[in-house]
Number of protein chains: 2
Amino acid sequence: MAKIDDIMKMTGFSRTAVSKALNDKDDISEATKKIIRDAARELNYIPNINARNLRSKNNNVIALIISSPSAESEKTNTLYPLLMGVNKAMAAQQYELALYIIDSKDQAAKSYVAFCRERNVKGAILVGIKTDDDYIKQLKNSEIPYVLIDVDIRGTDHMNVVKIDDVTAAFEATEHLIDHNHKNIAFINGGKTATVAIDRWEGYQKALAEHGLPLQHDYVKIADFSEEKAYAVTKALFKQHPELTAVFCASDLMALGTMKALDDLELDVPRDVSVVGFDDIPLASYVKPALTTINQSFFEKGNKAADLIASLLKESQDKKIITLPHKLMRRNSVAHNKRSA
Amino acid sequence: MAKIDDIMKMTGFSRTAVSKALNDKDDISEATKKIIRDAARELNYIPNINARNLRSKNNNVIALIISSPSAESEKTNTLYPLLMGVNKAMAAQQYELALYIIDSKDQAAKSYVAFCRERNVKGAILVGIKTDDDYIKQLKNSEIPYVLIDVDIRGTDHMNVVKIDDVTAAFEATEHLIDHNHKNIAFINGGKTATVAIDRWEGYQKALAEHGLPLQHDYVKIADFSEEKAYAVTKALFKQHPELTAVFCASDLMALGTMKALDDLELDVPRDVSVVGFDDIPLASYVKPALTTINQSFFEKGNKAADLIASLLKESQDKKIITLPHKLMRRNSVAHNKRSA
DNA sequence: CTGAAAGCGCTTACAG
DNA sequence: CTGAAAGCGCTTACAG
């Protein structure tokens, strides 16, 4: 491995001159730069990034911290586009990406704050954090700027967040069902602590309230964003409450489980029961009937989060909430309810 | 940020003692270690990884290099499980993962060899390389050990490779069709240079030959692993060759396009035409009719590749080819051909 | 078992 | 425009 000193010996210039030329500084003549660059090329010189970062403290690395990825099914596939979105923005801005995946088990092993400080990470993007996670506290105590994806803005005193308006999206999804004359609408939610779950739950309630429909707590179930649990929950729900004519699921994956349960119950979607999902994963449009759902772009989430952290590092600014658009995709899993109330 | 010198001053031990205690070396008394560790905890000390790596040259980083990820649709989602597989093995072995994503456009910008040498990467895993890529040459010239995922073993004089037996898998897929009395079987391939495409093409030919079926070059088309192109190609194919009763697609994504085209042509799958895919992506089992296809695990590919590179670094050994299992998933897109020849 | 000293490969004031 | 020197925060022979 060629080093700066090798170029120095080869060209006769000082170590300083070589370093400056290689970094294209102003105070070196073009002639000198050319000689040095040629020598560097000839020697196949590649700078040692550890030495550079140690000395200059200028390493441009941003961490993407993915929490509990195993919670995400391969079927959902939201993290991959998100990663691509982050990567695209990072590459464009000359930042380097450090990936840190927190598996549920080794959470105790090492904190991601240590991870970031060890390698002098300048900023972090966090995905998959729940509102009751310790991690949020860890973050606040660290000096590292960060942006959170899909984290609620309430009670988090001004953090940088990229999200969609989950409340409104869930409101629209529920209202879409109400508009199709559904009155007994079940809600299958992902959990109680995930921010998106909390928000979607709020949107569901709002829509019912606004249209004068009573909130039946019996119609609301938690299925942990799991297809299998949604399947089980749906079966139980419809056995107990045959008056239900529609289900709003807080994720497409759960909607898939719900549709399967309905099928096993010999309830036709959408003739007997209407279903709305959330996320618009690829599967949603391929399933039969194609699933009506809320579309959001995970690529954009990653991309905007990376842009935000980059701009935060350039100029310190006030904490910022970026709300990305969502869209109700009307497909074939919702029909007009003809049952009499 | 606390440094070793701070602990040194706080405890009165030398810099050497502190460093050794923190790294749990043998030649430090337990009593001293305890004092130093306590001080480190109190000072919230976190080692600077750049300094450590610069000095010790012992950085345990392995690069995962993903080439042309945009070629992969979000629908396919093979890279995410692969990344998880790599990550799991790396974490278990105390290696750190450096992710390098080569987008088609910035291929010229910086070579991944420079990327690896800059940060003193010890080994690399490469995905998405095609047999005609420059990258393979770059690799050979570098001193960095590497393992390739899904690269052919022919003409690559003994590289480390993790793959499935694509030839046999394609053979089985084609034979499955032949076993169902199909004689006119189209083959829609991904490309000509991707290794998996070359291998699957060979498997298709072998199956025909073994069963005494003629190879009709008109029945073979390239659709670049694209759903849209497979759609177009299938339409053209069946307009020109109504005698076709089956299609083997070299990827599930293309099979999706083919099924859509068949549907538009008012050809029923599997009644009129049988279809077999490849990969067993999540969509395959959800589509109606559920797609018969070849299952392979991308998580395992990543996991085994990471294990292999780790063992390569521990003890130099002969180049190794790891062949992972595949499995024909019989679902509902294949039926017995009743048309007379 | 402990410590003084050198050095990993760079960048950056500072002086000229 | 160029160079001599110091130092980033560690680890590691070496000596005791």
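In what follows, chains are A, B, ... by sequence order, proteins preceding strands, each numbered from 1.
Take the nearest nucleotide of DNA chain D for A/D26 and for B/N48: the residue whose nucleotide is more 5' is A/D26.
In DNA chain D, consecutive stretches of 3 or more Watson-Crick or G-U wobble pairs with both distances under 3.5 Å are given as paired ranges: C:1-3 with D:14-16, C:5-12 with D:5-12, C:14-16 with D:1-3.
The main-chain N or O of B/S19 is found under 3.5 Å from a side-chain atom of B/N23 such that the two form a donor-acceptor pair. Without hydrogens or angle criteria, A/K33 side chain to A/K25 main chain gives a donor-acceptor distance under 3.5 Å. A side-chain donor-acceptor contact under 3.5 Å links A/N160 to the backbone of A/K320.
Classification of B/K88 and B/D307 as a salt-bridged pair fails, no side-chain N sitting under 4.0 Å from a carboxylate O.
The structure places OH of A/Y80 at 9.0 Å from CG of A/N87, a figure rounded to the nearest 0.5 Å. From B/M90, atom CE reaches atom CG of B/L83 across 11.5 Å, with rounding to the nearest 0.5 Å. How far CZ of A/R117 is from OH of B/Y45: 10.5 Å, rounded to the nearest 0.5 Å. With values rounded to the nearest 0.5 angstrom, A/I36 atom CD1 is found 5.5 Å from A/F13 atom CZ.
The two residues A/T323 and A/I164 make their nearest non-hydrogen contact at CG2-C, 3.9 Å. Across all their heavy atoms, B/M84 and A/I101 have their closest contact at CE-CD1, 3.5 Å.
Residue A/K57 is classed as a sugar-phosphate contact, given heavy-atom separations below 4.0 Å to backbone atoms only. Counting any heavy atom pair closer than 4.0 Å across all strands shown, B/N23 reaches sugar-phosphate atoms only and no base atom.
Contact check of residues 9-19 of chain B against DNA chain D (heavy atom, cut-off under 4.0 Å) returns B/R15, B/T16, B/S19. Within residues 27-42 of chain B, no residue has any heavy atom under 4.0 Å from DNA chain D.
Taking 4.0 Å as the cutoff to heavy atoms of chain B, we find the contact window on DNA chain D bounded by D/dG9 to D/dA13.
Each salt bridge (Lys or Arg N to Asp or Glu O under 4.0 Å) pair with one or both residues in residues 3-16 of chain A, not counting sequence neighbours, appears once here: A/D5-A/R15. Each salt bridge (Lys or Arg N to Asp or Glu O under 4.0 Å) pair with one or both residues in residues 46-59 of chain B, not counting sequence neighbours, would appear here, but there are none.
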Item checked: Test log, rule side-chain contact (heavy atoms from CB on, under 4.5 Å), inputs B/L64 and A/L99 -> CA-CA 11 Å; B/L64 173 61; A/L99 189 61; over 6 Å; no
